[in-house]
Structure formats: structure tokens, C-alpha cells
Amino acid sequence: MAEKPPIMMVDDIKAGQQGYAKTVFKGTKVEEFPIEIIDIIEDQNLDTDMILIKASGEKIEKSGGVASGMSGSPVYINDKLIGAISYKWQEADHRFALVTPIIKMLNLKKGTQDVSFYKSLKAANTPIMIGGLTGRSFDRLKNSLDIENSRFISTSSTSQQSVENPNLEAGSALAIQLVRGDVSVASIGTVTLVDNNEVYAFGHPFMNKGKSNFLMSKAYINAIIPSRSQPFKIGSPMDKLLGVIENDRNAGVYGKINKFPNIIPLTVKVEDKNLGVTKEVRTQIINDEKLLGELGSSIILQTIDSSLDRIGYGTSNVSIEIMGSNLPDGKVVRKNMYYSNNDIAVSTLSDYYRMMDLITKNPFKEINIFDIKVNIETTKSHDVALIQEAEVLNEKIYPGSKLKLNVVFRPYRSEAISREVTIDIPKDINTGRATLAISGGYSGLPNQREPQDDSGNDVNQAVIEGYKSFDQMLTDYVEAPMNNELVLQIYPSFIPRNQINKDPDNIEEDTEESEQEAPEEEEAITPEKPEEKPEIKKHVYTDFVLEGTLTLDFEVKNIPEDNEEKNMTEDRKQ
């Protein structure tokens with residue numbers, strides 16, 4: 001491993017001194033180019049002096065000045081390291097740049113932040129090379145990452161084979177990766193200093209995340225592209241992973257060689273039933289809760305678009321399996337069916353977004369994800385139907401019997417079809433008028449629970465939207481109906497407990513009498529809280545994504561005492 005060279009303090013640097021800097025212009029070869037000290041720019045309030053330099057030489061002139069991707073290039077005076085190229089002025093001569101003093105960068109190891117941003121400056125920013133994503137997948141990721149002053153570049157290459165010497169040295173091209181594998185998302189910059197197994201680079205922040213968990217590898221530079229706005233390097237990471245970037249702060253980035261980050265394997269498999277095409281993409285994503293949703297969704301969208309080779313209507317069946325710590329049984333699986341008349345690929349992403357939000361944003365406990373598998377089947381078909389009408393088939397309905405229904409569906413531009421379904425009536429249901437709600441599986445998040453009576457609970461107990469545990473939230477989500485399920489739910493009549501055994505026809509009359517006989521004294525009477533009962537609900541699987549809702553009322557009658565056996569169904573008799 002390389003050892004730290006001698007360093008020069010800012011106080012010893014004078015205008016007019018000549019020196020050199022190191023970077024990679026092509027391939028992996030580190031080359032030098034001349035620099036001259038122009039001045040020291042002082043910021044006495046924040047004690048963050050910066051060094052103004054002018055770069056020169058044949059290759060600098062050819063490239064048009066300091067290029068995006070040169071940030072981190074080490075600068076030397078009398079063979080002593082003074083710092084890293086880091087900032088420049090907008091709409092100015094690109095040969096001029098600012099250098100972050102090395103003494104400030106060495107504080108990265110401690111995780112301190114003591115270098116100010118210059119609002120009038122633009123970082124000699126690192127190009128973000130994205131391989132394996134094109135079109136709208138590329139655009140969506142670019143907009144979601146929103147890395148200030150960065151140039152996003154689409155490339156056909158996701159990685160380069162490692163060269164004979166994959167080790168890092170001062171001036172080497174460095175790749176900080178968010179994704180690697182069949183898709184690559186990497187920032188290309190330059191190494192400032194290698195001290196044994198410690199790496200200092202960039203001279204300015206990448207995403208300014210502070211403590212970080214980025215993949216670190218060497219990079220291959222294809223070329224430097226001249227540009228009036230700012231020249232930039234294009235390249236790709238080497239396939240050999242070298243270590244982890246642990247700190248991402250104002251003064252630059254700090255990493256360690258042979259210490260590897262936590263990563264999450266993401267495998268996406270898409271089968272287009274019409275084209276007979278199956279595409280599988282395997283990637284590794286950094287374990288970052290704030291980035292996982294957008295990185296993963298962009299990869300999934302690209303895989304679907306590549307398989308369908310079109311944007312438009314269709315139906316998809318989706319299965320998402322996530323393995324991780326603190327999950328029930330170590331994993332969670334969600335299946336669903338989607339239809340869109342405009343863009344089936346984007347609609348298919350819904351459950352991935354919801355699962356990531358549920359896991360990464362839950363307030364109860366941290367979930368360490370080990371693996372994500374997404375399997376998708378698509379067809380170019382309109383597998384959607386409207387719930388058109390429903391009819392109760394029973395002549396009489398008693399507690400403990402089955403409610404029989406005929407439900408009529410209207411598939412897209414097709415003849416209506418009927419299906420007979422049943423739902424069990426509980427034995428302890430209140431008699432009287434009840435309501436049946438019929439709907440298709442919804443696409444929204446699970447319904448929020450009604451606020452519960454928390455009297456007597458510990459005041460420090462967290463109550464988030466009616467939930468008191470992550471497992472409760474997860475169970476509600478996983479058990480929520482799929483979009484192709486018919487949901488039947490009965491809302492029984494509410495009858496006060498003291499009226500349950502009375503004739504339903506006399507309830508209203510008795511209630512009026514009891515009100516008239518009530519004592520005149522004004523007493524605080526606590527109403528008797530009705531006993532909570534489980535929901536009367538059933539999900540019925542169909543071959544269509546269902547739209548629409550219906551409600552209908554029906555009467556639950558008391559079983560006649562003199563003819564109870566006769567009116568009971570066979571299942572009740574048993």
C-alpha cells in the first residue's frame with residue numbers, strides 16, 4: 001500500500017510557485033500536468049482558505065482546461081502535497097481552479113466538516129456515468145438523484161475488466177458506485193491521497209451524505225470531451241471492487257481499501273407472454289434507505305421497457321420477495337395484478353414503491369434488507385372488468401347461513417359475464433338490516449386504522465396513524481386485497497345489547513318507551529361500549545383487474561323458534 005507523502009501547509013504557499021498535478025487522461029495511466037499558484041483566497045470567518053491555481057500543458061490545452069472528473073487530482077509544490085483540485089468559477093477560463101488544502105481533507109477520517117461552500121463557485125464536478133439505463137429510466141434516475149452541479153452521462157458500458165494493476169495511487173481515476181452489475185451508476189473522480197489502506201479523493205462532496213456506504217473501485221477513462229460549459233471525462237468502473245467510501249463531506253470523500261460495504265442484491269425477471277421474451281437483470285445496490293426506492297424502481301422500469309420494447313396498454317402479474325432482518329419469518333412476499341390503458345410498465349412499479357416506503361420509512365425498527373427478487377409477467381391485453389351489478393339470491397337470510405350472490409362483470413369491450421359467489425354469515429351477527437359492500441381490490445396503501453382508545457397506555461408508546469408496531473403495518477399491507485380480487489364486506493346492523501333478544505320490529509318502539517321512562521335527573525351515564533367483532537370480509541380471486549364499487553342492503557332475520565331446524569342450511573345443521 002502507498003504511504004502518505006510529505007505535505008505543505010497553506011501558510012508556506014506563495015503566488016508564482018510552480019508545481020504539478022496528477023490525473024488520468026486516458027485508460028488508467030496517471031500523468032502529470034503543470035500548475036502555477038495564482039493566489040490564496042482567504043475566508044477568515046470560517047478559516048477555510050482555498051488555493052487558486054492555473055493549469056497548463058499540452059493535454060490541458062487539448063481538453064479545454066480542468067475537466068469534470070479531475071476533482072480530487074492531487075497538486076504538488078516541491079514534491080509536497082498541497083491539496084486537491086476541487087472548485088472552479090462558472091462561465092470562466094477552465095484552466096483556473098481552486099484547490100482544497102490537504103490538511104482539511106485529512107479531517108475526513110474524523111468525520112468533521114469545516115470547509116465552506118462558495119456560492120459563486122461550481123465544483124469541478126464528478127460526472128455520473130450510468131450504464132444499462134436508457135430513455136425514461138435514465139431520466140427518472142437523473143431527476144430523482146438530483147446531485148448538485150453533476151453531469152449525468154449515459155454509457156453503453158457497465159464495467160471494465162480489471163487491468164494488471166488494479167491498485168489505487170494518487171491521481172488514479174476513482175469510481176464511487178451506487179449500483180453495479182448489469183446496471184451501473186457511478187461517479188468518476190480522482191484519488192488525492194492513498195495512505196496505507198485509506199483513500200482521500202474528490203476535494204468536494206459527492207452527495208454530501210456525511211457517513212456513507214458507497215462502493216469503491218478503480219475507473220477506466222475512455223476520453224476527455226472538450227466543452228464550452230465544462231470539459232468532462234467519460235469512463236466506467238472496473239469490475240473489481242476495492243473497498244468502501246465511508247465519509248462524504250464538504251472537503252471530499254474518504255474510503256478504506258479491503259473493507260466492503262453492505263449491498264443488496266436485486267434481481268428483476270420480466271417475461272413478455274406475447275413476444276415470448278424473457279429478460280433477467282442482476283444488480284447490487286448500496287444499502288441506503290433514501291436511495292433504494294429510486295435506484296430499484298429505475299432498474300425495474302428499464303427491464304420492463306427492454307422486454308416489451310414499447311410503451312402502452314397491457315396487464316402484468318407481479319411478485320416481489322424481500323428478505324431481511326426483523327421481517328416475520330425473515331421475508332415478505334407481495335403479489336398483485338395491474339392493468340393500464342396507457343403505460344403498464346409504470347403502473348407495475350406501484351407495489352415496489354409501497355414496500356420500500358413501508359420498510360425504509362417505518363418509525364418502529366430498522367430493517368436490514370438482504371435480498372430483493374422481482375418477477376413480472378406481462379401481456380398485451382385488456383384484462384380489466386367493471387363490477388356492473390349484483391343480486392342476492394337467498395330468499396331468506398339467517399345467522400350462520402351463507403349469503404349467495406350473483407355478480408355481473410363487464411370486461412373491457414366484451415359481453416357481460418356472471419359469477420356466483422358466497423360469503424358466510426356469522427352465527428352471532430345482529431339481526432336486522434345489514435349492508436354488503438362489493439368492490440375491486442384497490443391500488444392504494446392499506447386503509448389506515450381508525451384511531452383507537454389509548455387511555456391507560458403508556459404516554460411514551462408510539463401511535464403512528466393508528467399503528468403500534470411494524471408487524472401490524474406489514475400484515476395489513478400483505479393481506480390487503482390484490483387488484484384482481486373481488487372484495488365482499490358485510491356491515492351488520494347495530495343493535496344495543498339490551499335489545500338483542502327482542503323482536504326487531506319492536507326495537508324502535510321499545511327504545512322510545514325507554515326514553516320516556518328515563519329519569520329526569522341529569523346523570524353522567526357512560527354508554528355501554530359494543531363488543532368488538534372481527535370484520536365480515538371475503539376476497540374472491542378473479543382473472544381481471546376489477547374497477548367499481550356497489551352496495552346493497554339485505555335483511556338478517558331471526559330464526560323462528562318453532563321451525564329452526566327446517567330453516568337451517570345443511571352446513572349449519574352439521
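Scope of the values below: all heavy atoms of this structure, side chains included, with no hydrogens, waters or symmetry mates.
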Q. What is the ring orientation for Phe138 with Phe152, classed by angle as parallel under 30°, tilted 30 to 60°, or perpendicular over 60°?
A. perpendicular
Q: Using a cut-off of 6.0 Å, state whether more than 12 heavy atoms not belonging to Asp329 lie near its atom CG.
A: no
**Q.** Check: Asn341/Tyr339 side-chain N/O donor and acceptor closer than 3.5 Å
**A.** yes
Q | Residue pair Phe470, Leu327: steps toward the side-chain contact (heavy atoms from CB on, under 4.5 Å) verdict | A | CA-CA 9 Å; Phe470 171 75; Leu327 290 174; 3.9 Å; yes
Q. Closest approach of Asp305 and Ser137, non-hydrogen atoms and distance?
A. OD2-OG, 4.3 Å
Q.
Quick check for you: to the nearest 0.5 Å, what is the distance between Ile299 atom CD1 and Leu133 atom CG?
A. 6.5 Å
Q. Under the 3.5 angstrom rule, does the side chain of Ser184 hit a backbone N or O of Arg180 as a donor-acceptor pair?
A. no
Q: Determine, for Arg334 against Asp351, whether the closest basic-nitrogen to carboxylate-oxygen distance falls under 4.0 angstrom.
A: yes
(Q) If we ignore hydrogens and angles and just use 3.5 Å, is the side chain of Lys538 paired with the main-chain N or O of Thr422 as donor and acceptor? (A) yes
Q. Hey, does the side chain of Ser350 reach the backbone of Ser347 with a donor-acceptor pair shorter than 3.5 angstrom?
A. yes
(Q) I need the Ser236 OG to Ile130 CD1 distance, nearest 0.5 Å. (A) 13.5 Å
Q) At what distance, to the nearest 0.5 angstrom, does CG of Asn213 lie from CZ of Phe260? A) 13.0 Å
Q | Lys557, NZ atom: more than 12 neighbouring heavy atoms under 6.0 Å | A | no
Q: Determine, stepwise, if the pair Asp343 / Arg136 fulfils salt bridge (charged side-chain N to carboxylate O under 4.0 Å, His left out).
A: CA-CA 12 Å; Asp343 194 339; Arg136 60 179 179 170; 2.4 Å; yes
Q: Mind listing the closest non-hydrogen atom pair of Pro492 and Ile429 along with its distance?
A: CB-CG1, 3.6 Å
Q: Find the distance between OH (Tyr254) and CG (Asp248) and round it off to the nearest 0.5 Å.
A: 14.5 Å
Q.
Taking the basic N atoms (NZ, or NE/NH1/NH2) and the acidic carboxylate oxygens, is any pair closer than 4.0 Å for Lys402 and Asp424?
A. yes
Q) Is the side chain of Asn368 donor-acceptor paired with the backbone N or O of Ser325 at a distance under 3.5 Å, no angle test? A) no
**Q.** Between CG on residue Asn362 and CG on residue Asp357, distance to nearest 0.5 Å
**A.** 11.0 Å
Q | Least distance between heavy atoms, Ala390 atom then Leu550 atom | A | N-CD1, 3.7 Å
Q: With the side chain counted from C-beta on, respond yes when Ile438 and Leu486 share a heavy-atom pair under 4.5 Å apart, and no when they do not.
A: yes
Q | Flag, side chain of Asn394 to backbone of Ile397, donor-acceptor distance under 3.5 Å | A | no
Q.
Can a donor-acceptor pair be found, under 3.5 Å and without considering hydrogens, that links the side chain of Gln302 to the backbone of Thr134?
A. yes
Q. Which pair of heavy atoms, one from Tyr467 and one from Phe364, lies closest together, and at what distance?
A. O-CZ, 3.6 Å
Q.
Which residue is it: Val183, Asn375, Thr303, Ile372? I am looking for the one with a side chain to side chain contact (heavy atoms under 4.5 Å, CB included) to Val268.
A. Thr303
Q: Hey, could you give me the CG/OG distance between Asn143 and Ser298, rounded to the nearest 0.5 Å?
A: 9.5 Å
Q) Between Asp371 and Lys373, is the closest basic N to carboxylate O distance under 4.0 Å? A) yes
Q | Residues Lys273, Glu271: salt bridge by 4.0 Å N-O rule | A | yes
(Q) What I'd like to find out is whether the side chain of Tyr313 reaches to under 4.5 Å of the side chain of Ser340, using heavy atoms alone. (A) no
**Q.** Under 3.5 Å donor-acceptor, Asn326 side chain and Glu366 backbone
**A.** yes
Q) Any side-chain heavy atom of Pro265 sitting closer than 4.5 Å to one from Thr283? A) no
Q) What's the shortest heavy-atom distance between Gly296 and Tyr352, and which atoms? A) CA-OH, 3.3 Å
Q) Does Thr542 reach the main-chain N or O of Phe544 with its side chain, forming a donor-acceptor pair under 3.5 Å? A) yes
Q: Show your reasoning for whether side-chain hydrogen bond (donor to acceptor under 3.5 Å, both in side chains) applies to Ser381 and Asp383.
A: CA-CA 6 Å; Ser381 58; Asp383 295 332; 2.9 Å; yes
Q: I would like to know whether Thr348 and Ser316 meet side-chain hydrogen bond (donor to acceptor under 3.5 Å, both in side chains); could you show each step before the answer?
A: CA-CA 7 Å; Thr348 300; Ser316 66; 2.9 Å; yes
Q.
Counting neighbours of CZ on Arg310 that are heavy atoms of other residues, nucleotides or ligands and sit closer than 6.0 Å, is the number greater than 12?
A. yes
Q: Evaluate the side-chain proximity of Asp428 to Pro399: yes if any heavy-atom separation is below 4.5 Å, no if none is.
A: no
Q) Under 3.5 Å, is there a donor-acceptor pair linking the side chains of Tyr353 and Ser297? A) yes
Q) Should Tyr338 and Val545 count as side-chain neighbours, where that means a heavy-atom distance under 4.5 Å? A) no
Q) With a 3.5 Å cut-off and no angle check, do the side chains of Asp553 and Thr435 form a donor-acceptor pair? A) yes
Q: Assess whether side-chain contact (heavy atoms from CB on, under 4.5 Å) is satisfied between Ile304 and Leu308, documenting all intermediate values.
A: CA-CA 6 Å; Ile304 300 173; Leu308 272 60; 3.9 Å; yes
**Q.** NZ/NE/NH1/NH2 to OD/OE distance under 4.0 Å, Glu246 and Lys259
**A.** yes
**Q.** Short side-chain to backbone donor-acceptor contact, Ser414 and Pro411, under 3.5 Å
**A.** no
Q) Between Asp471 and Lys365, is there a side-chain N and carboxylate O pair less than 4.0 Å apart? A) yes
Q: Begin from the C-alpha positions of Val478 and Val332 and carry the test side-chain contact (heavy atoms from CB on, under 4.5 Å) through to its verdict.
A: CA-CA 8 Å; Val478 172; Val332 58; 3.4 Å; yes
Q. So, do Leu552 and Val392 sit near enough that their side-chain heavy atoms are less than 4.5 Å apart?
A. yes
Q: Step through the shown structure and confirm whether more than 12 heavy atoms of other residues, nucleotides or ligands are within 6.0 Å of NZ on Lys209.
A: yes
Q) Any idea which heavy atoms bring Leu386 and Gly548 closest together, and the distance? A) CD1-CA, 4.1 Å
Q) Within a strict 4.5 Å, meaning less than it, do heavy atoms of the Thr315 and Met337 side chains meet? A) yes
Q: Ignoring hydrogens and angles, tell me if any N or O in the side chain of Glu485 forms a donor-acceptor pair with the backbone of Met482 under 3.5 Å.
A: yes
(Q) For a 4.5 angstrom cut-off between non-hydrogen side-chain atoms, does Gln284 reach Val179? (A) no
Q. Does a donor on one side chain sit under 3.5 Å from an acceptor on the other, for Gln177 and Ser217?
A. yes
**Q.** Evaluation steps, side-chain contact (heavy atoms from CB on, under 4.5 Å), between Leu178 and Leu215
**A.** CA-CA 7 Å; Leu178 306 180; Leu215 299 152; over 6 Å; no
**Q.** Phe409 six-ring face occupied by Arg419 cation (under 6.0 Å, within 45°)
**A.** no
